[in-house]
Amino acid sequence: MELPDFMSYSDKFSSKGFVEKISRIAKRAGSKLVYVALVLFYTLQSKEVSLKDKAIIVGALGYLISPLDVIPDAIPIVGLSEDLTVLMYVINKIWVDVPDDVKTKARTKLSEWFDEDELAEVEEFLNEHQKKGEKTESVEEAR
């Protein structure tokens, strides 16, 4: 799957639009997509993140909010999977710079919408993500 030019969606982003979209699709989208979206949203508000990373985040969240997707969100499963692909692309680029308090804030908000089983899936997802990040760092250090 080829990623769209999500930076062209940066003008679609607004805090209000983000909150409305996430609360509307939370259960359908699943805990992983919502967690990644929340991390990006809270990272955007952090003073510890570079302007370059914030620009990428705005583009990705604008893509999530926009009703003009490559695959419309109304199509079950597939519609939100390309949104998740865009969000994962961005989170992989910035994950090492995401402050721990942002991750905690996102988990706390997630617990308002999801049950313990769904939160456990996110924890498993994060552990896998961190392991991949450690492998990438060790490969880069070896170079």
Side-chain angles (χ1 to χ4, degrees), residues 1-73 77-143:
M1 170 187 261
E2 187 174 321
L3 288 177
D5 177 17
F6 57 86
M7 289 307 293
S8 65
Y9 291 87
S10 61
D11 63 329
K12 305 278 189 241
F13 176 76
S14 72
S15 292
K16 182 181 178 197
F18 173 80
V19 171
E20 287 174 359
K21 173 90 177 213
I22 286 297
S23 56
R24 190 174 67 248
I25 67 164
K27 282 295 185 180
R28 186 168 50 104
S31 56
K32 292 176 192 170
L33 184 143
V34 174
Y35 178 74
V36 172
L38 286 170
V39 167
L40 292 175
F41 180 70
Y42 293 136
T43 299
L44 188 61
Q45 299 169 359
S46 174
K47 292 181 172 121
E48 299 176 38
V49 180
S50 72
L51 285 176
K52 177 185 164 207
D53 286 348
K54 286 184 178 190
I56 295 169
I57 292 168
V58 166
L61 293 179
Y63 184 79
L64 174 68
I65 293 169
S66 175
L68 304 173
D69 287 354
V70 173
I71 303 170
D73 293 344
I77 301 171
V78 178
L80 291 170
S81 66
E82 61 43 81
D83 288 337
L84 180 59
T85 301
V86 168
L87 296 179
M88 287 304 299
Y89 174 80
V90 173
I91 200 102
N92 283 328
K93 289 207 155 291
I94 68 156
W95 186 254
V96 295
D97 296 325
V98 174
D100 288 337
D101 65 311
V102 166
K103 295 172 188 174
T104 301
K105 190 174 181 180
R107 282 188 203 139
T108 301
K109 186 66 175 173
L110 199 67
S111 68
E112 294 175 18
W113 293 328
F114 294 95
D115 63 28
E116 290 301 317
D117 290 340
E118 293 162 317
L119 294 173
E121 286 179 17
V122 171
E123 289 300 321
E124 184 179 318
F125 168 74
L126 291 175
N127 290 336
E128 290 173 16
H129 194 74
Q130 287 172 335
K131 287 177 188 174
K132 287 179 185 176
E134 290 169 5
K135 287 178 185 175
T136 302
E137 287 176 14
S138 62
V139 167
E140 288 175 3
E141 288 171 4
R143 290 182 186 168

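Just so it is clear, the model here is predicted, and its values are computed rather than measured.
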Using every non-hydrogen atom in the two residues, find where [X] and [Y] come nearest and quote the distance to one decimal.
X    : Y    : result
E121 : S31  : OE1-OG, 4.1 Å
S8   : D11  : O-OD1, 3.3 Å
S14  : I65  : O-CD1, 3.7 Å
V49  : D97  : CG2-O, 4.3 Å
T108 : S111 : O-OG, 2.6 Å
I22  : A37  : CD1-CB, 3.7 Å

For the [atom1] atom of [X] and the [atom2] atom of [Y], what is their distance to the nearest 0.5 Å?
X   : Y    : atom1 : atom2 : value
N92 : L87  : CG    : CG    : 11.0 Å
Y35 : L110 : OH    : CG    : 8.5 Å
I94 : K52  : CD1   : NZ    : 11.0 Å

Within the 4.5 Å heavy-atom criterion, are [X] and [Y] side-chain neighbours or not?
X    : Y    : result
M88  : K32  : no
I57  : F13  : no
L38  : F18  : yes
K105 : V102 : no
L33  : D83  : yes
V98  : L40  : no

E118 side chain to D115 backbone, donor-acceptor under 3.5 Å: yes
Residue E112 excluded, over 12 heavy atoms near CD under 6.0 Å: yes
Candidate pair V122 and F114, rule side chain to side chain contact (heavy atoms under 4.5 Å, CB included), full reasoning: CA-CA 10 Å; V122 171; F114 294 95; over 6 Å; no
